[in-house]
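Start at 1 and go down the list; that is how both ligands and their atoms are numbered. Just so it is clear, the values below take in all heavy atoms, side chains as well, and ignore hydrogens, waters and symmetry mates. Given the structure is predicted, the values throughout are model-derived calculations rather than measurements.
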Amino acid sequence: MSETDKLSLQDAAEEHERLSEYLQEQNRAYYQEDDPNISDAEYDALLRQLKELEATYPELMKEDSPTQTVGAAISRGFGKVQHTVPMLSLDNAFDNDDLREFEKKVKRFLGRPVTEDVAFFAEPKIDGLSASLRYEKGKFVRGATRGDGREGEDITENLRTIDDIPLELKGENIPDVFEVRGEVYMAISDFQELNAGQAEKNAKVFANPRNAAAGSLRQLDVKITKSRKLKFFAYAWGEVSETPADTQAGVLQKFEEWGFVVNPYSKVCQNMEEAIDAYNRIETDRSSLDYDIDGVVFKVNRLDWQERLGFVSRSPRWAIAHKFPAEQATTKLLGIDIQVGRTGALTPVARLEPVNVGGVVVSNATLHNEEEIERKDTRIGDTVVIQRAGDVIPQVVEVKLELREEGAAPFEFPKTCPVCGSHAVREKNPTTGKDDVVRRCTGGLICRAQAVERLKHFVSRNAFDIDGMGAKQIELFYEKRLIKAPVDIFRLEENDKRSLTKIKNFEGFGDKAVKNLFEAIDARREVDLDRFIFALGIRHIGQGNARLLARNYLTIGALMDVFDPDKDALGLAYADLLNIDGIGGAVADAVREFFAEPHNRDLLTDLLKEVKVTEFEAPDLESDVAGKTVVFTGSLELMTRQEAKAQAESLGAKVSGSVSAKTDYVVAGAKAGSKLKKAEELGVQTLTEREWLDMIGKGTA
Ligand code: IVH
């Protein structure tokens with residue numbers, strides 16, 4: 001007999017009411033406030049109990065029972081969707097000169113004369129959330145959020161409720177597969193109406209239309225999404241079996257024919273000066289629009305050129321965003337808190353009298369570092385100007401010295417770490433001889449803040465991405481001494497078995513939650529090399545550099561081996577590292593130091609007993625040049641040097657600046673000199689440009 005069978009009807013009714021009320025409360029917290037206070041697993045477990053009760057005592061079931069209102073949604077999570085074509089972000093231009101520089105770079109890359117016009121397509125940058133909609137044979141089959149760009153969440157059912165998203169494409173000759181991408185947003189008028197209604201119901205009001213759109217889209221209860229009047233502008237695409245036009249403008253025209261809404265301000269501009277005019281017009285009209293835009297996006301109009309330009313790291317070389325100037329407000333500086341980051345940097349954070357900056361209430365802002373405080377002579381009690389731009393953390397940009405009250409004392413920046421008490425120092429930069437602008441805690445591993453921040457980084461979305469293991473859990477497990485180093489995460493289950501204080505008894509956990517957590521950890525015992533490198537939190541190694549290292553070294557074993565100080569007494573590995581295009585001195589130093597440090601090597605050795613790091617997959621494994629090292633020399637005639645390099649890299653080859661015995665091919669253009677000679681001496685295969693293009697299957701390009 002189960003627990004529920006043993007209850008009397010009276011007890012069951014009471015239990016039913018208690019559970020229903022609690023779940024309804026949780027639904028509100030989750031769906032309307034976007035602020036859940038129990039874990040998904042706990043919610044699921046309680047909902048199941050309620051269902052069991054209703055199965056045994058059907059008379060208890062009412063129409064508004066949480067088992068009925070949430071419908072079929074048993075789990076609160078969304079499924080995952082892999083983006084076969086990644087969803088990228090955009091580089092930013094801050095003024096017209098940046099735009100002109102972008103235009104020059106495009107021409108240089110394509111090898112076009114500076115005097116020739118390159119047409120750009122200008123589009124408003126919609127302030128919403130991007131989504132990818134997959135159509136197969138013209139039918140909408142799947143829709144996903146951007147997520148981390150490579151993997152998003154399956155929100156198909158939610159997207160189906162949006163009127164601007166056709167369930168079936170109109171017209172003839174629709175490609176078999178077509179992923180339309182664009183922005184889901186909420187009109188300002190709908191946002192105001194929604195907030196008025198929310199306020200009346202005493203429910204959460206949203207800070208801005210973007211947040212409201214986000215909160216409305218990621219709803220397991222599709223009925224809520226439907227009630228929120230979301231809209232969609234189409235402006236890009238992902239995987240396609242066929243491209244229906246030759247230009248950006250042409251594809252957007254097709255989108256309209258297929259039944260999508262394309263932003264009416266989108267426009268072809270013959271050159272950058274015309275594009276700048278388009279920007280000015282859009283900025284002038286901005287305040288009269290019924291949706292938020294935060295800038296203008298410029299895209300090279302010709303698609304063959306977009307293709308040739310390709311991508312760098314996470315953004316296309318063929319597009320740039322020019323954001324509108326940041327919004328500012330003036331307020332009072334109430335205090336300065338010092339935060340300690342994962343690299344020990346002491347970051348001063350301004351505590352402010354709350355102030356509305358362009359629709360968002362700001363009460364904290366960054367003061368950057370000690371030097372900035374000195375430079376601006378920022379003092380507690382001062383009147384300061386705060387600026388907020390897009391998703392960037394608000395910052396203090398100016399101190400109103402003329403409004404300073406008498407007696408305000410200069411801010412005394414702490415010389416010790418506020419978390420561990422170790423000395424905090426400003427290192428000297430060896431090249432400039434100047435003090436570093438940042439003061440750092442010297443406590444290293446004994447500093448709780450550094451350890452915890454490093455662990456948080458390790459499990460974060462672009463690193464190990466462990467479901468259910470976020471900042472809160474890391475702090476808790478660190479406090480309880482269950483996790484001190486990354487490897488402890490993977491030994492958590494084992495250690496929990498032996499421990500007297502079980503995780504399931506911690507607040508916010510339960511049997512099911514613990515089981516889910518262990519499963520989520522196990523699911524990440526295999527990890528891609530670039531994520532792994534990024535997770536290590538090596539100074540200066542962001543996602544882009546992590547990928548660069550992964551592409552060049554292919555395995556973690558290779559990295560550990562080449563940087564083993566016992567084996568590389570001559571520093572050859574360091575020289576090789578500097579040879580990688582895109583890796584500069586500071587990055588190379590950081591990598592070498594990290595792998596030379598015995599403590600880090602031990603950490604890696606331990607970790608590798610628990611996790612399997614998959615070999616970096618060259619982007620195109622079919623390609624014959626994947627994994628090969630190529631040197632381009634002489635003057636190339638069929639493509640620019642930059643283009644040749646980008647193309648080789650996209651096929652998984654490594655492009656090096658100098659010829660050595662490790663070089664596989666030297667591609668020599670006209671007037672090739674010493675590098676070609678060296679290749680011949682070393683017996684490295686040399687190719688003409690044409691031979692190279694044939695080899696990579698671009699013979700006709
Ligand atoms: S193009 C590779 N066009 O801005 C192309 N993005 O910073 C990448 N966005 O994630 C996107 N309006 O959410 C593009 N007209 C527009 C846009 C736009 C808004 C957003 C989008 C993207 C972000 C990139």
Selected option - heavy-atom contact closest to atom 3 (N) of ligand 1, from K323, K299, K125, Q248: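 Going through K323, K299, K125, Q248 one by one, K299 has the nearest heavy atom to atom 3 (N) of ligand 1.
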Option nearest atom 9 (N) of ligand 1 (shortest heavy-atom distance, choices Y235, W318, W237, F233):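 Going through Y235, W318, W237, F233 one by one, Y235 has the nearest heavy atom to atom 9 (N) of ligand 1.
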Please state which part of [X] comes within less than 4.0 Å of ligand 1, counting heavy atoms only: side chain, backbone, both or neither.
X: L90; answer: both
X: A236; answer: neither
X: E123; answer: side chain
X: R181; answer: neither

Is the shortest distance from a Lys or Arg side-chain nitrogen in [X] or [Y] to a carboxylate oxygen in the other one below 4.0 Å?
X: K139; Y: E136; result: no
X: K231; Y: D190; result: yes
X: E101; Y: K105; result: no

Please write down residue, atom name and distance for the protein heavy atom closest to [atom].
atom: atom 13 (O) of ligand 1; value: E183 OE1, 2.8 Å
atom: atom 10 (O) of ligand 1; value: S130 OG, 3.7 Å
atom: atom 2 (C) of ligand 1; value: P316 CG, 3.6 Å

Hey, is CG on N173 packed in by over 12 heavy atoms from elsewhere, all under 6.0 Å?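 Not buried by this count: 12 neighbours or fewer within 6.0 Å.
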Taking the six-membered ring for Trp, are Y135 and W258 ring centroids under 6.0 Å apart?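 No - the distance between ring centres of Y135 and W258 does not fall below the 6.0 Å cut-off.
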Compute the ring centroids of Y185 and Y235, then answer whether they are less than 6.0 Å apart.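 Between Y235 and Y185, which both carry aromatic rings, the centre distance is not below 6.0 Å.
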Geometric class of the Y279/H322 ring pair [parallel <30°, tilted 30-60°, perpendicular >60°]: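 Geometry flag for Y279 against H322: parallel rings.
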Less than 4.0 Å is my threshold; does some heavy atom of P124 fall inside it relative to ligand 1?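 Yes, P124 has a heavy atom closer than 4.0 Å to ligand 1.
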Would you check the N or O atoms of I126, main chain and side chain alike, for any that come under 3.5 Å of an N or O of ligand 1?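 Yes, at least one N or O pair falls under 3.5 Å.
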Please tell me whether N158 and T225 have a donor and an acceptor in their side chains that are separated by less than 3.5 angstrom.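 Short answer, yes.
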